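Report on the following structure.
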Amino acid sequence: MSGVDVVVWDFDGVLNVNPGGEVFPWVARLKEDLGIAPASFRRFLNEPGQARDVLKGDADLLARLRRWIEDEGHAIDGKAFLEHWLVSDDRPDDQAVGWLAAHDGRKVIATNNPPSRARYIAERTRAGRLVETVLASGEIGAAKPDPGFFRYVEGWTGVPPNRLLLIDDSADNVAQAARRGWRTFRFAADTRDRLPGILGL
């Protein structure tokens with residue numbers, strides 16, 4: 001893979017499967033799994049500014065969960081719910097993770113996630129153990145496609161934009177990276193089979 005020093009992998013939608021494009025497919029089973037109505041958790045997710053605050057690190061996810069649990073009167077500890085969330089969201093794309101493993105060069109995961117999930121990815125997923133680090137929006141203070149996110153990755157890797165390759169399923173993220181001079185690959189059902197060639201596998 002000539003001219004690329006670091007491959008920057010997105011996590012959800014690339015290394016982790018979103019079945020049917022749905023972000024939280026496990027929510028439909030909350031009643032069966034934890035006795036919590038899915039609608040209750042969806043209200044939590046849809047609170048104005050909630051996702052933005054958590055993903056940018058302006059709010060602690062566990063603290064927000066504990067407040068929601070108390071307000072709704074659910075009989076579960078906040079840490080237990082968060083653990084259920086993290087484990088339920090662990091759906092590796094075995095083929096993509098295989099390509100990650102097969103690539104010998106420098107590689108990092110760069111993802112829009114709060115610190116708690118970034119730690120889970122780094123410590124408890126195969127993909128996380130295959131990369132140098134997991135760079136997450138909740139720790140950076142900016143979320144893709146914010147230019148600040150990409151600027152941080154450039155600084156952390158010490159690599160100029162034209163020697164970075166982003167693999168991401170979001171068109172907006174790919175476009176912003178390209179504007180900064182990154183090389184990019186839009187990961188999708190109709191493009192994924194080209195990725196081994198891009199990586200030189």
Side-chain angles (χ1 to χ4, degrees), residues 1-24 45-46 48-59 61 89 91-93 96-97 99-100 103 105-122 125 127-128 130-200:
M1 194 173 40
S2 176
V4 172
D5 292 334
V6 181
V7 179
V8 180
W9 294 75
D10 182 34
F11 189 69
D12 293 301
V14 178
L15 296 169
N16 199 53
V17 179
N18 290 338
E22 188 177 352
V23 178
F24 299 124
L45 292 174
N46 293 327
Q50 183 92 279
R52 179 196 64 235
D53 291 348
V54 169
L55 289 180
K56 289 179 63 178
D58 293 335
L61 177 57
D89 258 344
R91 299 177 302 274
D93 184 317
V97 174
W99 293 330
L100 171 71
H103 177 246
R106 289 186 66 192
K107 48 207 172 189
V108 301
I109 290 172
T111 177
N112 283 349
N113 264 298
S116 54
R117 184 136 187 265
R119 286 191 298 271
Y120 181 96
I121 293 168
T125 70
L130 290 169
V131 298
E132 289 182 42
T133 193
V134 176
L135 302 171
S137 59
E139 295 164 334
I140 293 170
K144 293 181 285 184
D146 188 312
F149 184 98
F150 298 100
R151 190 180 308 116
Y152 183 93
V153 176
E154 293 160 13
W156 191 93
T157 60
V159 172
N162 67 343
R163 300 191 70 84
L164 291 165
L165 169 66
L166 175 69
I167 301 170
D168 203 299
D169 65 321
S170 163
D172 289 343
N173 296 345
V174 166
Q176 181 58 246
R179 280 193 286 272
R180 295 188 62 81
W182 290 39
R183 301 185 187 200
T184 60
F185 180 83
R186 173 82 186 282
F187 188 88
D190 60 345
T191 65
R192 60 181 293 142
D193 289 344
R194 291 169 37 213
L195 185 54
I198 297 292
L199 294 173

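Computed from heavy atoms alone, side chains included, the values below leave out hydrogens, waters and symmetry copies. Numbering starts at 1 and runs along the sequence shown. None of these values were measured; they are calculated from a predicted model.
A salt bridge links Lys144 to Asp168: at least one charged side-chain nitrogen sits closer than 4.0 Å to a carboxylate oxygen.
Checked by atom type and distance alone, the side chain of Asn16 pairs as donor or acceptor with a backbone atom of Arg91 at under 3.5 Å. The backbone N or O of Trp9 lies less than 3.5 Å from no partner atom in the side chain of Lys107, so there is not a single donor-acceptor pair. The backbone N or O of Ala178 lies less than 3.5 Å from no partner atom in the side chain of Thr184, so there is not a single donor-acceptor pair. Between the Arg183 side chain and the Leu164 main chain, no donor and acceptor come within less than 3.5 Å of each other.
Considering Val7, Val4, Thr157, Asp5 as possible partners of Arg106, the one that fulfils the side-chain contact (heavy atoms from CB on, under 4.5 Å) test is Thr157.
Going from atom CZ of Arg151 over to atom CD1 of Ile140 covers 11.5 Å, rounded to the nearest 0.5 Å. Summarising the geometry, atom CG belonging to Leu165 is positioned 8.0 Å from atom CG belonging to Leu195; distances are rounded to the nearest 0.5 Å. Rounding to the nearest 0.5 Å gives a distance of 12.5 Å between CZ of Phe187 and CG of Leu166. Between Ile167 atom CD1 and Ile109 atom CD1 the span is 11.0 Å, to the nearest 0.5 Å. Distance check, rounded to the nearest 0.5 Å: CZ of Arg117 to CZ of Arg119 gives 13.0 Å.
For the pair Asn113/Tyr120, no side-chain contact is recorded, criterion being any heavy-atom separation below 4.5 Å from C-beta on. In this structure, Leu15 and Ile121 have side chains that are not in contact, with every pair of non-hydrogen atoms separated by 4.5 Å or more. You'll find the side chain of Trp156 reaches within 4.5 Å of the side chain of Glu132, heavy atoms only. Looking at heavy atoms from C-beta onward, Asn112 lies in side-chain contact with Phe149 at the 4.5 angstrom threshold. Leu55 places a side-chain heavy atom less than 4.5 Å from the side chain of Pro114.
Of all heavy-atom pairs between Leu61 and Ser116, the closest is CD2-OG, 3.8 Å. The two residues Asp146 and Gly148 make their nearest non-hydrogen contact at OD1-N, 2.7 Å. Annotation for Pro92 and Val97: closest pair CB-CG2, 4.4 Å, computed over non-hydrogen atoms.
Here Leu45 pairs with Phe24, Phe41, Trp85 under the side chain to side chain contact (heavy atoms under 4.5 Å, CB included) rule; sequence neighbours left out. Residues passing the ring-ring contact (aromatic ring centres under 6.0 Å, His included) test with Phe11, sequence neighbours excluded: none.
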Salt bridge (Lys or Arg N to Asp or Glu O under 4.0 Å) evaluation trace for Asp93 with Arg192: CA-CA 11 Å; Asp93 184 317; Arg192 60 181 293 142; 2.8 Å; yes
Verdict with reasoning, Val153 to Trp182, per side chain to side chain contact (heavy atoms under 4.5 Å, CB included): CA-CA 11 Å; Val153 176; Trp182 290 39; 3.7 Å; yes
